[in-house]
Amino acid sequence: MKLPDKSLSLDAAVARIPDGATVLVGGFGVPGTPFTLLRELMRQGQKDLTLVKNDANEAGMGIDHLLANGQVKKLITTHLGLNANAIAMMNDGRLEVEFCAQGILAERIRAGGAGLSAILTDIGLETELAEGKQIVEMDGKRLLVEPALRADVALIHADRADPFGNLAYAATARNFNPAMAMAADLVIAETERLAPLGGLSPEEVETPGAFVDQVVRLSEISEEYGVVRR
Amino acid sequence: MKLPDKSLSLDAAVARIPDGATVLVGGFGVPGTPFTLLRELMRQGQKDLTLVKNDANEAGMGIDHLLANGQVKKLITTHLGLNANAIAMMNDGRLEVEFCAQGILAERIRAGGAGLSAILTDIGLETELAEGKQIVEMDGKRLLVEPALRADVALIHADRADPFGNLAYAATARNFNPAMAMAADLVIAETERLAPLGGLSPEEVETPGAFVDQVVRLSEISEEYGVVRR
Amino acid sequence: MDARTRMVARAAREITPGMVVNLGIGLPTKVVDFLPEDMPVCLHTENGMTGIGPTLPDEEADRNLIDAGGAYVSPIPGSAYFDSTVSFALVRSGRLDLTLLGAFEVAENGDLANWKIPGKFSPGAGGAIELAQKARRVAVMTTHTDRKGNPKLLSRCTLPLTARGRVARIFTDLAVVDVTLEGFVLRELADGVSVKEVSEATGAKLILPDTDIPRF
Amino acid sequence: MDARTRMVARAAREITPGMVVNLGIGLPTKVVDFLPEDMPVCLHTENGMTGIGPTLPDEEADRNLIDAGGAYVSPIPGSAYFDSTVSFALVRSGRLDLTLLGAFEVAENGDLANWKIPGKFSPGAGGAIELAQKARRVAVMTTHTDRKGNPKLLSRCTLPLTARGRVARIFTDLAVVDVTLEGFVLRELADGVSVKEVSEATGAKLILPDTDIPRF
């Protein structure tokens, strides 16, 4: 017995993403965004994508390339504040946007990764975010049904990985990556460092490789990770 | 700014547990069971406890002491197979037992720790475990409502900790500990090693100290952790 | 100190030893500079960190270590990193003692609106709804009026709500105002500001306490 | 090899390269000894580990490293430890390609009963319900009859169910039997066992295929 090897080239991994896919994209602002996978997805040009990401990055970065390239029909997100292009596209009706409270988006994705059907929560009750949502009564309390969000594809950025797909993350580059890495039928992780099997200790693994389908070693770190000088 | 110090003596920490408390107890079999906290709880004699634990340990170990001592009125668990005393008490009506599917017990506790009200799942539908449970229909599918399980107290066993309550675990001694450490109003962690603040790297922390109320450094490792020769 | 700095310094005194605190984007993050160095307190940022240390200049920044507002922050002894699910578990489960948030409008019933101006500004609420709905104590930091001089403390909010009835206290450049069952109560006055000025700048009834009104 | 060992060896061939597999407590865990050393496969145990290595003798055991049956196991290169929530997330979300489980009863409609004998034995189901309900493929390993000679493969289960309609294949000391829409189909025979013996030991109709029945 040995663990399977799931390492693959960048183009071959991204070529597995079909048109029309729902795609989870890690990252909160810059840290943890899989910039190299996103750039290859732009190059290959898959269309009619539904993206799920905490934010829309900033204009000219990350998923903004896919938005500008007309590859995205819908975005499920928590906040677009730093991307004026995305806001303009939303306001013009060129992009359908579904907003979700940040922690509820994380929980919906996690529920998808945990094989649950939904969560019941009081978050957003009596606000606009509750509009149109199914309500359940439990112990006399009204609760919102927030359905699990499982996707066709997840694009993950890891700090370290091994060929089986065990992943570890850096600092606040975790954010949505660990939940998303469990919640798609095709999980593709790009990694800054690829250790041999056994190069990650079983204790430091944060996403077990059993959830991950393909591992792409980055040949260089995208310049988009550079410290943003504002 | 510095982080608060939550270290406390064994007896003072356990003395915070009131009669009648619902108590989450970490561990799966031997690993991760907070044997020292449990023994002190037996010594102090708090009564009418509801315990939540994956299993009932083995006869003469861990929570079996509390059962034998008449301190437990109810046990919420997944499996009693290794504890004949517990099974006998259940069969004699001396102990109320509520069974839960193992992963659903973990998720109910996690939901409690995550401030969610419930999860919706198809696990156990069309089995005895569904009896008496609330059912919700979503997208035409019948689902069980499994309510969040949040407790008064959680008793946790950590491998390493710092005085703020940041915790890290060893190997399969994780099991229910990380979820339980988030899911009680009073979280008490015993730890094999207590590092000074900064002694755990921010990357190796598995339970952030903000969830933990008291940290008890073990002066010795309970002999109950010894390898069981069967 | 100018009026804004005094407001920030006053808000900092809302934080007491042992608290876990989330400071919203903008003005609230400035509170850090006014916390005593030896005070035991844990700052939380919703993108996944507890124990936030000082903001770093660009040349010392770690590209993987930001707060929710995008500032490059640093760890302190005892910091922890975690993912978004754990971060909001902490918020929703009652482990957050206090959040200080910005506001477009606050109402005398404790309602808060701080995420959407229909037709003008609707980029999404991020983590604000959960912070406002679930922190044990919610306080707001805001200028007393908007740039046009319109009051931001109102009898009822006109904008879409972030959370209902959750704001307990408001720190402004003019005053400290509590939300009570009876409505807004004036608790403190900024230096050089009169009760009349605060009343006129408030879009709801302002109740005066029987006691002296301290200055800050 | 005795009949039991042959069953274990045959069940091991159910595991194909690349699979993530959970081996139930008891007989199924013995399958490990029959897996080719260079086969790429990931074993999972529900108490929180993937990449299970060989069971260790007591004197080499790590007190913190067990499988769900309590055996002291070891890591291999690429092993990972995780908590119970992640462990069952893996099971429920479809990442478990195969589980091999023990059984009290299996029915020709794929129903499985393996956790409770009312009035006699009801210690709780542990993780069995989720394994049986959510693994992509569920196979059972069991003696064909119980100690009294009563069949365990039945037209309908009489005991409380673990999961409905989920068993795809059954490995016994006598045969390999598939669960199909038509009912039990005999696929393979143990060495020295006749079709008649298997039929008589089965508490439901046993369909014979048109093709040759291989031996194992």
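We name chains A, B, ... by the order of the sequence lines, and we start the count at 1 in each one.
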Max heavy-atom pairs within cutoff under 4.5 Å with chain A, candidates Val86(D), Leu90(D), Leu35(D), goes to Leu90(D)
Option that, when pairs with chain D are counted at under 4.5 Å, heavy atom only, ranks first among Leu200(A), Thr207(A), Asn166(A):
Asn166(A)
Rounded distance (nearest 0.5 Å) linking atom CD1 of Ile76(D) with atom CG of Leu197(A):
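It is 8.0 Å, given to the nearest 0.5 Å.
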Measuring from Cys42(D):SG to Met1(A):CE, what's the distance to the nearest 0.5 Å?
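Output value for this atom pair is 9.5 Å.
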Given a strict heavy-atom distance threshold of 4.5 Å, which part of [X] is in contact with chain A: side chain, backbone, both, or neither?
X	result
Val20(D)	side chain
Tyr81(D)	both
Leu96(D)	neither

If I measure from the heavy atoms of chain D, does Ala184(A) come under 4.5 Å with its side chain, its backbone, both, or neither?
backbone
Using every non-hydrogen atom in the two residues, find where Gly115(A) and Ser93(D) come nearest and quote the distance to one decimal.
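Minimum heavy-atom separation between Gly115(A) and Ser93(D): N-CB, 3.9 Å.
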Tell me if a side-chain donor or acceptor on Thr50(D) pairs with a main-chain N or O of Ala210(A) at a distance below 3.5 Å.
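Checked: no pair found.
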Using a 6.0 Å cut-off, check whether atom NZ of Lys133(A) has over 12 heavy atoms from anything other than its own residue.
yes
Non-hydrogen side-chain atoms of Pro40(D) and Phe164(A) separated by less than 4.5 Å
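Sidechains of Phe164(A) and Pro40(D): no contact.
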What I want to find out is whether Arg95(D) reaches Asp185(A) closely enough, with some N-O distance under 4.0 Å, to be called a salt bridge.
no
